[in-house]
Amino acid sequence: MNSNTTFRNLRNIGVIAHVDAGKTTTTERILFYTGENHRIGEVHDGATTMDFDPQERARGITIHSAATTVHWRGTQVNLIDTPGHIDFNVEVRRSLRVLDGAVVVFDGVAGVEPQTETNWRLADDYRVPRIAFVNKLDRTGADFQRVVSMMQERLGARALPLQLPIGAEGEFRGVVDLLTLRALVWDRDDASAPPRVADIPPELLTAAQDARARLVEAIVERDDALLDAWLRGEQPSVDALRAGLRAATVAGELAPVLAGSAFRNRGVEPLLDAVVDYVPRPGEAPGAVGTHAPRDGLSALAFKLTADDHGTMVFVRVYAGTLKRGDTVWNASTGQAERVSRLYEIHADRRVERESLAAGDIAGLVGLKDVLTGHTLAAHKGAPVLESIAVPEAVIDVAIEPRSQDGAAALAKGLGVLVREDPSLRLRQDADSGQTLLSGMGELQLEVAVEKLRSRFGVDVAVGRPQVAYRETITAPAELRHVHKKQSGGPGQFAELTLRLAPLPRGEGLRFASTVVGGAIPREFIPAVEAGIRRAAQAGPLAGHPLVDFEATLVDGSAHVRDSSALAFELAAATALREAALKAAPVVLEPVMAVEVITPAESLGDVIGDLLRRRGQVQGQDARGNAVVVTAHVPLERMFGYIGQLRALSSGRAQFTMQLSHYAEVPARVAMAA
């Protein structure tokens with residue numbers, strides 16, 4: 001990669017999937033075929049390039065998104081391998097925010113799984129074009145057409161097969177390329193052997209011709225020139241079809257689908273060809289920038305931080321302008337100047353120093369001191385701020401403390417680093433117990449964080465049992481007038497205000513508004529009112545859980561010419577919120593998880609009965625081979641230790657996944673215990 005890289009030969013892609021769909025295995029094959037690696041690393045051996053963290057290798061899963069750079073057919077591909085486990089979903093979010101396209105890997109047996117669906121919706125939100133790779137077609141029960149149908153039904157995707165598999169399950173040996181109507185056959189599992197180009201097997205010829213007709217129709221109906229020619233009976237050329245498919249994919253109208261088995265080294269080269277042919281160049285996709293990157297001058301988004309003994313590295317995507325080593329940049333999000341001491345091209349855990357970066361580049365910067373995930377870097381003051389990165393809700397807490405007083409400083413330092421690196425981790429003090437609470441998206445994420453404290457920072461920590469991260473909200477409007485008055489010698493404190501509260505829909509957070517007119521409250525005190533409200537909302541009126549999903553409106557008030565101050569109005573607002581919330585019919589909210597259980601049919605009744613005992617609501621059942629998939633909504637409070645019970649009910653054969661669905665009002669008997 002060099003600073004003269006043009007949009008024409010650069011692709012920024014992510015590889016996303018549900019856990020165990022074969023995402024990291026696919027990425028390792030990409031590294032091998034592009035010449036980045038001379039040997040293939042396997043997940044089960046703990047020897048992959050992209051899962052280089054010791055915890056990733058020990059657990060056999062991806063925890064951190066890892067970036068690398070490869071080249072294929074004269075095109076540079078910046079690639080980010082993302083985690084599949086829901087606990088590390090923030091890694092997917094921040095990667096999708098800066099990428100121009102994605103390869104979504106599907107398990108050929110399981111099809112569309114919960115985390116795949118979540119990631120697909122995130123890609124919709126960020127308007128990231130996708131190509132799909134149906135993997136593991138060599139496995140028993142794999143069904144390419146079924147997975148395509150699931151994509152269309154569950155994801156609402158216009159999934160368009162570009163290939164048909166040749167052979168099924170253990171006999172899977174190749175694919176039919178529908179554009180060229182030729183077969184690509186891998187005679188051996190040897191990754192160094194290229195596919196053999198052959199005629200389509202006679203038994204597949206009719207199906208391939210029918211599938212090609214559907215492919216051509218889907219492409220030409222999105223291109224007026226191609227459609228006119230096609231309606232006149234002309235057959236579009238392969239190049240014209242590729243160009244039309246590329247335009248439709250870039251626009252997000254179609255999702256090309258390819259077939260393969262990464263573990264057996266089948267289908268990876270055509271996947272790389274599809275990345276070059278159909279994934280957009282930087283600046284080409286509809287959601288590439290998000291908001292207002294300037295036409296000239298630097299504009300870059302910080303999307304990830306990592307810290308080690310050498311300092312903090314900030315990963316950035318450059319949207320406009322150039323960035324050179326030694327440049328001073330402006331953090332448009334904080335209003336501070338920062339100096340970039342070094343630039344690095346990233347190859348998983350290796351770094352290659354760079355002199356400069358250009359628009360489209362993804363790289364690591366060293367030297368920035370106060371930059372966080374989602375901050376915008378620019379060339380000058382007053383530059384526009386790019387759209388930031390949404391952070392998922394924390395749903396689980398653990399109390400954490402050093403086992404000895406000597407470890408307090410190291411613990412504070414370690415926790416500070418972890419929450420800077422991962423914005424989905426939250427840190428707060430429990431108002432009643434004074435304990436330090438670490439919050440996250442799931443038990444696995446918190447386990448990993450605790451292990452990092454031990455291995456990276458040498459802190460021996462004591463960890464409390466996981467607790468549900470409850471919330472509180474209001475269910476009725478309320479209005480309250482409050483006067484804060486204090487006189488104890490010297491200048492007094494005076495603030496009068498009227499505060500109106502109103503409930504908001506779930507997930508809306510906290511909104512503040514002011515309708516004060518005529519200077520009843522001086523303008524400079526209004527921010528202090530908002531600050532007091534936000535501070536008081538950290539502990540709700542019922543049980544001290546954060547107060548969410550309401551609007552606080554400052555309606556009226558008055559100030560004293562000498563005794564009023566920002567502090568007085570902040571204190572008045574905090575007290576007013578606490579008192580008004582008590583009048584607004586407050587309730588406790590709990591996280592409700594979307595749970596998917598895959599169970600043998602003979603255990604179905606026991607599994608459903610157990611979910612109902614956990615206050616679950618079954619949403620549906622679906623056959624998947626000789627197993628049954630049960631979907632349900634279950635309060636997180638009832639899901640601790642579920643895997644042990646599920647294994648007991650199914651003789652160890654069932655498995656489950658869960659992710660946050662929504663927050664719901666807690667039944668009164670549970671709220672009393674919360």
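Nothing fancy with the numbering, it's 1 onward along the sequence.
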- [ ] Flag this pair as yes if the NZ/CZ of Arg130 is under 6.0 angstrom from the six-membered ring centre of Trp120 and inside a 45 degree cone about the axis; otherwise no.
- [x]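 So Arg130 does make the cation-pi contact.
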
Task: Row check, Tyr278 ring normal vs Arg246 NZ/CZ: under 6.0 Å, within 45° - done: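 Pair Arg246/Tyr278 does not count as cation-pi.
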
Electrostatic pair [X]:[Y] at N-O distance under 4.0 angstrom:
X	Y	answer
Asp210	Arg214	no
Arg73	Glu269	no
Asp100	Arg281	no
Asp187	Arg173	no
Lys304	Glu91	yes
Glu221	Arg158	yes

Is it the case that more than 12 heavy atoms not belonging to [X] sit under 6.0 Å from its [atom1] atom?
X	atom1	answer
Glu203	CD	yes
Glu234	CD	yes
Arg139	CZ	no

Can you find a pair of side-chain heavy atoms, one from [X] and one from [Y], that are under 4.5 Å apart?
X	Y	result
Phe303	Arg97	no
Thr75	Arg11	yes
Ser424	Asn89	no
Phe656	Ile598	no
Val220	Pro236	yes
Arg94	Phe315	no
Ile30	Val268	yes
Leu162	Leu215	yes

Is it the case that the side chain of [X] and the backbone of [Y] share a donor-acceptor pair, with hydrogens and angles ignored and the cut-off at 3.5 Å?
X	Y	result
Arg266	Phe172	yes
Gln163	Ala259	yes
Arg121	Leu155	yes
Glu169	Gly141	yes
Gln619	Gln617	yes
Gln445	Met441	yes
Arg212	Leu179	yes
Lys136	Ser261	no
Asn135	Ala21	yes
Thr116	Val112	no

Say whether [X] and [Y], considering side chains only, have a donor N or O and an acceptor N or O under 3.5 Å apart.
X	Y	answer
Gln76	Asn78	yes
Gln115	Thr657	no
Thr118	Gln659	yes
Asp239	Ser237	no

TODO: Might you work through the salt bridge (charged side-chain N to carboxylate O under 4.0 Å, His left out) test for Asp177 and Arg182, ending with a clear yes or no?
DONE: CA-CA 5 Å; Asp177 184 322; Arg182 299 291 288 169; over 6 Å; no

Give me the atom names and distance for the closest heavy-atom approach of [X] to [Y].
X	Y	result
Asn265	Asp190	ND2-C, 4.3 Å
Leu181	Ile200	O-CD1, 3.5 Å
Gly360	Leu10	O-CD2, 3.5 Å
Gly442	Ile396	N-CG2, 3.5 Å
Ala183	Ile166	CB-CD1, 3.7 Å
Ala632	Val618	CB-CA, 3.9 Å

Task: Near-ring test Phe133/Phe106, centroid separation under 6.0 angstrom - done: no

- [ ] Kindly determine whether Lys452 and Asp422 satisfy salt bridge (charged side-chain N to carboxylate O under 4.0 Å, His left out), including the steps that lead there.
- [x] CA-CA 12 Å; Lys452 284 181 182 177; Asp422 184 351; over 6 Å; no

